[in-house]
Chemist: 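Sharing a structure with you now.
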Amino acid sequence: MDIVTLLQCLRPHVTATTLRPCSRITYALLVMTGRVTMLGLARWAGKGGSYRTVQRLFSTVLPWATLFWVFFRQHIYCPEDVYVLAGDEVVVTKAGKTTHGLDRFFSSLYGKPVPGLAFFTLSLVSIQARHAFPLRVEQVVRSAAEKAASKAKADAKKPQALGATRRPGRPKGSTNHPKATVTFTPELVRIKAMLTAVLQLITTVLSVTYLVLDGHFGHHNALQMARQCALHLIAKLRCDAALYLPYTGPYAGRGPHRKYGCKVDYDNLPVQYLKETTVEKHIQTRLYQMPLLHKECAQPFKVVILAKTNLRTQARAHVILFSSDLDLPYAPLVDYYRLRFQIELNFRDAKQYWGLEDFMNVTPTGVTNAANLSLFMVNVAYRIRADIHARDPDYSVLDLQADCRGAKYVEETIQMLPEKPEPVL
């Protein structure tokens, strides 16, 4: 597929002077080998993609959120599909001291905080296509106050000295606080602003009901943040979350009506809430669905518990998923949360093929352009491969790069011939 034609839908939102080098750089990303840096892009871009041109493009402020959406709407969007929003953070390791936003972020790949950059991404996940499409990427830059609050929270989790234990009971002078009134952390403020901008952008074309986040956002504040954006949250709770069944017994005759019933015992879940039992090899999986309450949340939510048992050793483990939509059945809830992992595959492709781990830009604009370009290429590669998947479902990104690189070599070889061949060749 011709890259210039593919990117022509972006023409109303960027100038022709910007679109031409974008096309050359996109082509270079498809054919190049080695690390994806500005120098590498300039070597493979060919005519119209000099190093100075690449530098100029990476220092240009581009409306990436609009470009993501326009490309998705023009080439990927299917009106018959159902979409959910998924969000996650990717950490990119970086050395040095001058890169914009450089800090220590926790990396799940390393299992510890590492020096690098973090980017939060919102993606549209297609239920039918089983694929995630990045829609908005923003760098996580923590303020000094946010760093201090994070450090204080970490220090509070450390074990205290024996003589520093707090007296039992409620502290003197403490008052009740409405559960629905929450104070968002800077992280949730950033995500809420991203959600609001995305919803304003896509609302005239498609409607999204659910926001899927990982276990880091399995708490009351994230739930309220999603509800304020008119979305239902789907996330994971801690395995030791204190959940309660609604009280269904008789009224005591005095005082307020009792709200909380028995606390959920994850080793002895009520049989009446069992929805499905499957056995794969020697692992038995049971799915329970029930409306439960948490004392820190103002509203009940639908909970699905996946209880796994090793039939050989009788070892048990469980995962707790929840949604603020009380009418959502258990099967879609589990399926939507599983599809959240597609955004992780996007991060893998962006790092492995499109330079998310390789860029050396240090300015705010350069870092933003490099990260957005790498994730934008995820959508471009999907669109190009979609035409070939009809006859070759196993056609991968490596196959795409091999085809484009082969065409590049043939083009360069023809230009080296002393006489030009027939046009049909």
Chemist: May I ask you to establish whether K236 and Y337 are in a cation-pi arrangement, using a distance under 6.0 Å from NZ or CZ to the six-membered ring centre and at most 45° from the ring axis?
Modeler: no
Chemist: What are the two closest non-hydrogen atoms of A235 and D214, and how far apart are they?
Modeler: CB-O, 4.0 Å
Chemist: List the atom of V397, the atom of W354, and the distance in Å for their closest heavy-atom pair.
Modeler: CG1-CZ2, 3.6 Å
Chemist: Any non-hydrogen side-chain atom of E89 less than 4.5 Å from a side-chain atom of F106?
Modeler: no
Chemist: Please tabulate, for the side chains in residues 278-289, all donor-acceptor contacts under 3.5 angstrom to protein atoms that are two or more places apart in sequence or on a different chain.
Modeler:
{"residue": "T285", "atom": "OG1", "partner": "K308", "partner atom": "NZ", "Å": "3.0"}
{"residue": "Q289", "atom": "NE2", "partner": "L328", "partner atom": "O", "Å": "3.2"}

Chemist: For the residue pair V84 and L339, establish whether any side-chain heavy-atom pair is separated by less than 4.5 Å.
Modeler: no
Chemist: Decide whether E357 and T93 meet the rule of one side-chain donor and one side-chain acceptor closer than 3.5 Å.
Modeler: yes
Chemist: Would you mind writing out the side-chain donor-acceptor pairs for residues 118-131 within the sub-3.5 Å range, not counting sequence neighbours?
Modeler:
{"residue": "S126", "atom": "OG", "partner": "D81", "partner atom": "OD2", "Å": "3.1"}
{"residue": "S126", "atom": "OG", "partner": "A129", "partner atom": "N", "Å": "3.1"}
{"residue": "Q128", "atom": "OE1", "partner": "V82", "partner atom": "N", "Å": "2.8"}
{"residue": "R130", "atom": "NH1", "partner": "I127", "partner atom": "O", "Å": "3.3"}
{"residue": "R130", "atom": "NH1", "partner": "D335", "partner atom": "OD1", "Å": "3.3"}
{"residue": "R130", "atom": "NH1", "partner": "D335", "partner atom": "OD2", "Å": "3.1"}
{"residue": "R130", "atom": "NH2", "partner": "D335", "partner atom": "OD1", "Å": "2.7"}

Chemist: Just verifying a value: how many Å separate E187 CD and R142 CZ, rounded to the nearest 0.5 Å?
Modeler: 9.5 Å
Chemist: Restricting to ring pair (Phe, Tyr, Trp, His ring centres under 6.0 Å), what partner residues turn up for Y210, sequence neighbours left out?
Modeler: Y336
Chemist: Looking at side-chain heavy atoms only, is the closest gap between F68 and R136 below 4.5 Å?
Modeler: no
Chemist: When you compare the side chain of I305 with that of M290, does any pair of heavy atoms fall below 4.5 Å?
Modeler: yes
Chemist: Mind jotting down which residue pairs meet the salt bridge (Lys or Arg N to Asp or Glu O under 4.0 Å) criterion with at least one end in residues 58-75? Sequence neighbours excluded, please.
Modeler: none
Chemist: Would K302 and Y330 count as a cation-pi pair here, with the cationic atom under 6.0 angstrom from the ring centre and within 45° of the axis?
Modeler: no
Chemist: Got T365 and T60 here, is their nearest side-chain heavy-atom distance under 4.5 Å?
Modeler: no
Chemist: On a heavy-atom basis, which atom in L400 and which in R385 lie closest, and how many Å separate them?
Modeler: CD2-CG, 4.1 Å
Chemist: Using the ring pair (Phe, Tyr, Trp, His ring centres under 6.0 Å) criterion, which residues pair with F301? Sequence neighbours excluded.
Modeler: F322
Chemist: Quick check: do M377 and Y353 have side-chain heavy atoms less than 4.5 Å from each other?
Modeler: no
Chemist: I'd like to check T363 versus F58 (side-chain heavy atoms, cut-off strictly below 4.5 Å). Are they in contact?
Modeler: no
Chemist: Any non-hydrogen side-chain atom of I202 less than 4.5 Å from a side-chain atom of L135?
Modeler: yes
Chemist: Not counting sequence neighbours, which residues clear side chain to side chain contact (heavy atoms under 4.5 Å, CB included) with T53? List them please.
Modeler: P21, S50, R56
Chemist: One thing to verify: whether R348 and E344 come together as a salt bridge, which I'm taking to mean a side-chain N less than 4.0 angstrom from a carboxylate O.
Modeler: no
Chemist: Under 6.0 Å from the ring centre and within 45 degrees of the ring axis: does the NZ or CZ of R316 meet both conditions for the six-membered ring of Y266?
Modeler: no
